Amino acid sequence: MTRRMDYSKAILVLWCVSSTAISVPSTSSLPQKLDEQLYTTRRTPKVRIDLPVSKSKQPVGDFSGNEILNSERTTTTMLLESTTTHKSFSTDQPLYRLDGSNGQACILLQVDALITVKYRTKLGEDQEANIYVPNDATVTGNCNDENTVTMSLKWNAFLLSWSFAKTPGGERWYVEKIELTYNSSDRHFEHIDQPGKTIRLSTAQKHSPMLFPTPIGKSYACNNETAIPLTDGKNHASVLLRGMKLQPFKFKNNEFAAEFSCTALSARGFRDETAPVAVGSTLAAAVLLTITGYAAFRYFKVKKVKYDTME
């Protein structure tokens, strides 16, 4: 009996010892948990530090925000000023004026013109020369005719001539011809194959369309770039017209009259008025031939009837 109780006490002591060993936390796990806590604690502040840093810039941002706003306002002001300057520059084109015999303006031309001439060098290469029409070009011309007037711009070795006319009904004016005359020895034509020649290029060709047809008493205005080809059949050039205002046949004052815009009404519909004139002339000729033929038929018919009656 005593041995059994000793055995039970031994089992009880062993159980207590084992339970105590199990319930005591492992010392090896404490550093790991502590390290994890420290690691987590170190990462969390980093995240939280990043956010406060960006937030801490808020006061600076508020202060610099005013500077940015002021900078944006300054930039906007500068943009507006540059736009205004650009507009004033676009309308401030060279003005060429030809006076009539009465001392008043007969032709007014305001344009920024660039001439591009194609030529060949002595080595057989094709080149292009760009020539700007200067502001101080000498203006000459003739305004004595009521239906046709001319204007010429001369500088150095170049002469740019404009010929204006009115439509048959006198309702519109148009540019009948633009002609460029130059000397091939000019400095713009480097190593040209044929120097010392006077070359004349023109828009006037067979069935050439009317240019810039505009109602009489109005000025033609066009802000778009317009390229006019020139040729003599062998040589070629073009005149680029930018920001143009043009008015011949003036008789009231020295200012441009009401504008006829190239964008308000497409000039393409009026560019070639030779076709309606040709059609009208053909119809008139057909009617005249019909009347003449009918008259001849009646004449010989009546004559033959009278001759047969006499017999």
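Values in this document were obtained by computation on a predicted structure and should not be read as measured data. In what follows, residues are counted from 1 in the order of the sequence shown.
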A.B. asks: On a heavy-atom basis, which atom in Ala257 and which in Ser219 lie closest, and how many Å separate them?
C.D. replies: O-OG, 3.1 Å
A.B. asks: Does Ile107 reach the side chain of Val149, with side-chain heavy atoms less than 4.5 Å apart?
C.D. replies: yes
A.B. asks: Find out whether Phe158 and Asn183 are in side-chain contact, i.e. whether some heavy atom of one side chain is under 4.5 Å from a heavy atom of the other.
C.D. replies: no
A.B. asks: Describe, in one word, how the ring planes of Phe189 and Tyr119 are oriented to each other, choosing from parallel (under 30°), tilted (30 to 60°) and perpendicular (over 60°).
C.D. replies: perpendicular
A.B. asks: Decide, yes or no, whether a salt bridge links Asp193 with Lys122 under the criterion of side-chain N to carboxylate O below 4.0 Å.
C.D. replies: no
A.B. asks: Residues two or more places apart in sequence or in another chain: which of them pass ring-ring contact (aromatic ring centres under 6.0 Å, His included) with Tyr96?
C.D. replies: none
A.B. asks: Taking C-beta and beyond as the side chain, do Phe249 and Lys166 meet within less than 4.5 Å on heavy atoms?
C.D. replies: yes
A.B. asks: State, with a plain yes or no, whether a side-chain heavy atom of Cys106 is found less than 4.5 Å away from one of Lys250.
C.D. replies: no
A.B. asks: Should the pair Glu259-Lys218 be classified as a salt bridge under the 4.0 Å nitrogen-to-oxygen rule?
C.D. replies: no
A.B. asks: Please report the shortest heavy-atom distance between Cys143 and Gly100, naming the atom on each side.
C.D. replies: CB-CA, 4.5 Å
A.B. asks: On a heavy-atom basis, which atom in Ala113 and which in Leu241 lie closest, and how many Å separate them?
C.D. replies: CB-CD2, 4.1 Å
A.B. asks: Would you say the side chain of Val239 lies within less than 4.5 Å of the side chain of Leu230, judging by non-hydrogen atoms?
C.D. replies: yes
A.B. asks: Answer with yes or no whether the hydrophobic clustering places Leu114 together with Val175; edges join I, L, V, M, F, W, Y residues whose side-chain heavy atoms lie under 4.5 Å apart.
C.D. replies: no
A.B. asks: Nearest 0.5 Å, please: how far is CG in Asn142 from OG1 in Thr148?
C.D. replies: 7.5 Å
A.B. asks: Do the side chains of Thr121 and Glu190 get nearer than 4.5 Å, heavy atoms only?
C.D. replies: no
A.B. asks: At what distance, to the nearest 0.5 angstrom, does CH2 of Trp173 lie from CZ of Phe164?
C.D. replies: 6.5 Å
A.B. asks: Tyr174 and Pro213: which non-hydrogen atoms are nearest, and at how many Å?
C.D. replies: CB-CA, 3.9 Å
A.B. asks: Rounded to the nearest 0.5 Å, how far apart are CH2 of Trp155 and CD1 of Ile131?
C.D. replies: 8.0 Å
A.B. asks: Indicate yes or no for a side-chain donor-acceptor contact from Thr214 to the backbone of Phe212 under 3.5 Å, with no hydrogens or angles considered.
C.D. replies: yes
A.B. asks: Run the side chain to side chain contact (heavy atoms under 4.5 Å, CB included) check on Ile178 and Ser161 step by step: do they pass?
C.D. replies: CA-CA 6 Å; Ile178 298 178; Ser161 302; over 6 Å; no
A.B. asks: Transitively linked via ILVMFWY side-chain contacts under 4.5 Å: Leu159 with Leu153?
C.D. replies: no
A.B. asks: Quick one: do Glu125 and Arg120 make a salt bridge, cutoff under 4.0 Å?
C.D. replies: no
A.B. asks: Working to the nearest 0.5 Å, report the span between OG of Ser184 and NZ of Lys197.
C.D. replies: 7.5 Å
A.B. asks: Ser202 side chain to Glu179 main-chain N or O, any donor-acceptor pair under 3.5 Å?
C.D. replies: no
A.B. asks: Within the structure provided, determine whether Gln104 and Asn254 are in side-chain contact (heavy-atom separation under 4.5 Å).
C.D. replies: yes
A.B. asks: Check the pair Leu98 / Thr140 against side chain to side chain contact (heavy atoms under 4.5 Å, CB included), numbers first and verdict last.
C.D. replies: CA-CA 7 Å; Leu98 178 66; Thr140 58; 5.6 Å; no
A.B. asks: For the atom pair CH2 (Trp162) and OG1 (Thr150), what is the distance rounded to the nearest 0.5 Å?
C.D. replies: 13.0 Å
A.B. asks: Of the non-hydrogen atoms in Met210 and Thr167, which two are nearest, and what is the gap between them?
C.D. replies: SD-CG2, 4.3 Å
A.B. asks: So, the side chain of Thr181 versus the backbone of Arg200: is there a donor-acceptor pair under 3.5 Å, distance only?
C.D. replies: no
A.B. asks: Given the rule that I, L, V, M, F, W and Y join up when any side-chain heavy atoms are under 4.5 Å apart, are Ile228 and Leu240 in one cluster?
C.D. replies: no
A.B. asks: Between Lys118 and Asp126, does a side chain to side chain contact (heavy atoms under 4.5 Å, CB included) hold up when you go through it step by step?
C.D. replies: CA-CA 7 Å; Lys118 297 181 179 180; Asp126 294 329; over 6 Å; no
A.B. asks: Shortest non-hydrogen contact from Thr203 to Glu176?
C.D. replies: OG1-O, 4.4 Å
A.B. asks: Who else is in Leu95's hydrophobic cluster (ILVMFWY, side-chain heavy atoms under 4.5 Å, direct or via others)?
C.D. replies: Leu108, Phe256
A.B. asks: Once rounded to the nearest 0.5 Å, what's the spacing between atom CE of Met244 and atom CD of Glu225?
C.D. replies: 12.0 Å
A.B. asks: If you define the side chain from C-beta out and look only at heavy atoms, does anything of Ile115 sit under 4.5 Å from Asn130?
C.D. replies: no
